[in-house]
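It should be emphasised that the depicted structure is a prediction, and the values quoted were computed from it without experimental measurement. Whatever order the structure lists ligands and atoms in, that order sets their numbers, starting from 1.
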Amino acid sequence: MSTTGEGETPMLREGSALVLFSGGQDSTTCLAWALERFERVETIGFNYGQRHQVELMCREKLLIKMRDLKPTWDDRLGKDHMLDMGLLGQISDCALTQEQAIAFSQQGVPNTFVPGRNLLFFTFAATVAYRRGIKTLVGGMCETDYSGYADCRDNTLKSLQVALSLGLDRSVVIETPLMWLTKAQTWTLAETLGGEALVNVVRWDTHTCYTGDRAHKHPWGYGCGECPACVLRKQGWDAYCQASQQ
Ligand code: ZN
């Protein structure tokens with residue numbers, strides 16, 4: 001785990017951002033978005049005993065590939081913080097952390113939901129950002145295709161931005177560039193930010209599948225092809241390809 005330097009003065013750096021970076025499609029696109037906009041970009045990841053540990057293994061390789069894509073991105077990409085959130089695995093009982101089949105409740109919420117996960121992630125990220133003098137937090141939450149996760153909603157995160165700013169007595173900005181994009185538009189955004197090279201990094205080096213499957217290769221990347229995350233990713237890729245051909 002990285003440390004943030006105990007003796008550092010947390011001077012606020014306007015041009016810096018901390019990206020919640022899991023190694024998935026959405027957070028990788030957000031990282032590219034941040035690298036285009038901020039002079040200094042740091043990343044944070046959370047290990048909470050999730051079944052798709054493979055996602056975390058993709059992270060380091062991805063960070064190297066992102067550096068290779070553009071010299072400016074290499075210059076801007078700073079420290080990676082990896083937090084051990086094993087406690088979250090202990091207190092939640094769901095299909096991401098336990099050996100259960102993925103299913104949906106009557107409200108349409110999948111049992112992959114870790115209650116309040118993003119609230120915790122952003123709060124821990126804000127603490128790290130405070131110590132690093134970083135004002136902006138970036139996350140890949142999305143309301144358009146979202147799977148019923150209340151902590152991904154725009155209003156939830158706007159409220160959290162206010163709560164964190166008050167609680168830290170410092171302006172905290174939460175940026176969610178994918179909030180109103182479809183999955184197809186997220187692929188288009190990746191193309192706009194980093195061309196076909198970034199699209200290919202997202203296809204082959206990010207991981208989204210809930211079951212951690214890296215054995216089955218599809219046009220949209222690796223995964224089981226059947227879990228909700230794979231289905232969304234496939235639908236988004238298909239729609240993006242259709243739109244590209246028109
Ligand atoms: Zn899958």
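- More than 12 heavy-atom neighbours from other residues, nucleotides or ligands sit within 6.0 angstrom of NE2 on His218.
- Less than 2.8 Å away from the Zn ion (ligand 1), the protein contributes these N/O/S atoms: Cys209 SG, Cys224 SG, Cys227 SG, Cys230 SG.
- Connectivity analysis of hydrophobic side chains (ILVMFWY, heavy atoms under 4.5 Å, direct or indirect) links Leu166 to Val162.
- Sorted by first and then second residue, the salt bridge (Lys or Arg N to Asp or Glu O under 4.0 Å) pairs with a member in residues 158-169 read Asp154-Lys158; sequence neighbours excluded.
- The number of heavy atoms from other shown groups lying within 6.0 Å of NZ (Lys234) does not exceed 12.
- For the pair Arg170 and Tyr130, the cation-pi test (distance below 6.0 Å, angle within 45°) is passed.
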Do any side-chain atoms of residues 172-180 form donor-acceptor pairs under 3.5 angstrom with protein atoms, and if so which ones, sequence neighbours left out?
none

